[in-house]
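One structure below.
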Protein chains: 2
Amino acid sequence: MTSISHHSIRQSLLGRIQSGEWALGGLIPAETDLASEYGCARGTVNRALQALAEAGLVVRKRKGGTRVCQMPVRQAKFEIPVLREQVESFGGIYGHRIIANKLKTPPPSIRTHLRIPGGVKALHLQTVHLADDKPYAFEERWVNTQAVPEILNAPLDKISANEWLVKTVPFSSGDVVFSAINADKKIASAIGTDEGAAIFAIDRTTWLEDEFITTMRLYYKEGFQLHSHL
Amino acid sequence: MTSISHHSIRQSLLGRIQSGEWALGGLIPAETDLASEYGCARGTVNRALQALAEAGLVVRKRKGGTRVCQMPVRQAKFEIPVLREQVESFGGIYGHRIIANKLKTPPPSIRTHLRIPGGVKALHLQTVHLADDKPYAFEERWVNTQAVPEILNAPLDKISANEWLVKTVPFSSGDVVFSAINADKKIASAIGTDEGAAIFAIDRTTWLEDEFITTMRLYYKEGFQLHSHL
DNA sequence: CGTGCTATTATGTATGCACATAATAAAATT
DNA sequence: AATTTTATTATGTGCATACATAATAGCACG
């Protein structure tokens, strides 16, 4: 068999769900039944169903069985764009220009968010990311220099802070927030739009074992969109 | 024993990745080695590693082995908010008010997007979603009445179009787009903000077996954010 | 020296089995 | 009738085994 069972079974089940064979919120046959129907082991069906469950298409409960989820498209996976790749995927040449780069005491909002004690300084960076020498996005970042003192010696003019951190700091956890904000004067001039323009912003904060590493906010040029298909 | 192996192994591996035990882009021991290290079957390690791979933390290649992914937080899963639940989770009372509800010929941009032939009409809906009688979000929607003619008789004043569709139309595929836009006069007055305010917009288009069902755009009140943790 | 065949290796997947666990239904008890 | 106990059932998980598949490394041969 060239076809991979649990994938094809998953596809088949998805099709049957989409065709309305099983009503929204309705019960799907038990694993064992499906297994004999498809002529495979229960484990294979289990795997397919678990994948559908993870994708949010079905809900499973012990003894309760598997039922089609009421709300479609409840969750979507998004690729968080990596600037360089994004620019280069359009055939553009990536570059960046550092506007600010110095140790400062973070404002209270940042400080509490990052659980940095008062009075401690952190590295503040402002960067404009360029596509073919034209502004593409504006980045504001704080780096915890207590956690990553080496960054003070990093050649940030050659490699972006993001890329340096990614290459240097071991893998870490983090969170992401999307929002829309009006460009203020600084942002507008940095990315070359009008003041007040609606900007898509991505905040990303990164931790390493409970220690704060960096937080950044990316302001995208107008018209930026994030896509996800289901 | 009480702990579920493949979950705990996944956690353990995650920890070891985050601790830097294996360098970014570096190789992780083979499944068989990890299996004997953890004292479990290879299949169990396999499952843990596949989960990490799906989460974008490691990259796996046959014969090549498993290596820690270069870019962290490349993908994030977002829960697409369901308005009613969202409102009610804050303890608010959900409601909605229909502003427009009639058959119209969609503008070209919508028509091509939806692959609707020219001249055909579709149901155009504008709805304000309320939290405690105050505007919360504004929705603009087109429904393909050829695919779902029953919607013309639906009690849309009682149940929102979204909920009606979800309950009526079998499961379908779709895509989601996030963007930021400036509120025009209509949007601003609908959700009670100033013209020009930065609005977080979610576009959602839904299909059923290649047949277009509906497309909608949701305009959120200022300050709306979408979170995701990793 | 390069080309093409042949191991070798790590992951991908399926199977059959066993048992664990949660939730329900049925039965027994108070 | 209300409550507790005891099956029953569907999913969750693990294991050992077997084979498939992709990518690589090594070797032989022209």
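Only heavy atoms go into these numbers, but all of them, side chains included; no hydrogens, no water, no symmetry mates. Naming convention: chains lettered A, B, ... in sequence-line order (proteins, then strands); numbering from 1 in each chain.
- Atom CZ of residue B:R204 and atom CE of residue B:M216 lie 5.0 Å apart, to the nearest 0.5 angstrom.
- Atom CG in B:L49 sits roughly 12 Å away from atom C1' in C:dG12 (whole-Å rounding).
- Phosphate proximity of D:dT13 to A:N46: absent, as no side-chain N or O sits under 4.0 Å from OP1 or OP2.
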Does the side chain to side chain donor-acceptor pair (under 3.5 Å) test come out yes or no for A:H124 and A:E140, once each step is laid out? CA-CA 8 Å; A:H124 181 233; A:E140 188 151 20; 3.2 Å; yes

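- Across the protein-nucleic acid pair, A:Y38 atom OH and C:dT15 atom C1' stand 19 Å apart, rounded to whole Å.
- Sorted by first and then second residue, the salt bridge (charged side-chain N to carboxylate O under 4.0 Å, His left out) pairs with a member in residues 207-230 of chain A read A:D203-A:R217; sequence neighbours excluded.
- Here the side chain of B:T214 pairs a donor or acceptor atom with the backbone of B:W142 at under 3.5 angstrom.
- Distance CG (A:L34) to C1' (D:dT11): 13 Å, rounded to an integer number of Å.
- For the OP1/OP2 pair of D:dG12 and a distance below 4.0 Å, the side-chain nitrogens and oxygens of A:Q50 include at least one atom meeting the criterion.
- In this structure, A:R10 has no salt bridge (Lys or Arg N to Asp or Glu O under 4.0 Å) partners at least two apart in sequence or on a different chain.
- If you measure from atom NE2 of A:H7 to atom P of D:dT21, you get 14 Å, rounded to the nearest angstrom.
- Note: CD (A:E54) to P (D:dT11) measures 17 Å, nearest angstrom.
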Can you name the atoms? Protein N/O to nucleotides 7-10 of chain C N/O, anything below 3.5 Å, with the distance.
residue, atom, partner, partner atom, Å
C:dT9, O4', B:K63, NZ, 3.3

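- Residue pairs meeting the salt bridge (charged side-chain N to carboxylate O under 4.0 Å, His left out) criterion with at least one partner in residues 21-46 of chain B, sequence neighbours excluded, are B:R16-B:E21, B:R16-B:E37, B:E31-B:R42, B:E31-B:R60.
- Counting non-hydrogen atoms of neighbouring residues, nucleotides and ligands closer than 6.0 angstrom, the CG atom of A:D157 exceeds 12 such neighbours.
- A straight line from CG of B:L27 to P of D:dA23 spans 15 Å, rounded to a whole angstrom.
- The aromatic rings of B:H113 and B:W207 sit perpendicular to each other, their planes meeting at more than 60°, with 30° as the lower class boundary.
- Not counting sequence neighbours, the partners of A:E85 by the salt bridge (Lys or Arg N to Asp or Glu O under 4.0 Å) test are B:R74.
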When you compare the protein's N or O atoms with those of nucleotides 15-18 of chain D, which come within less than 3.5 Å of each other, and at what distance?
residue, atom, partner, partner atom, Å
D:dC15, OP2, B:A41, N, 2.9
D:dC15, OP2, B:T44, OG1, 2.5
D:dA18, N6, B:R42, NH2, 3.4

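- In this structure, the nucleotide among C:dG12, D:dT13, C:dA14 sitting nearest to the side chain of A:H6 is C:dA14.
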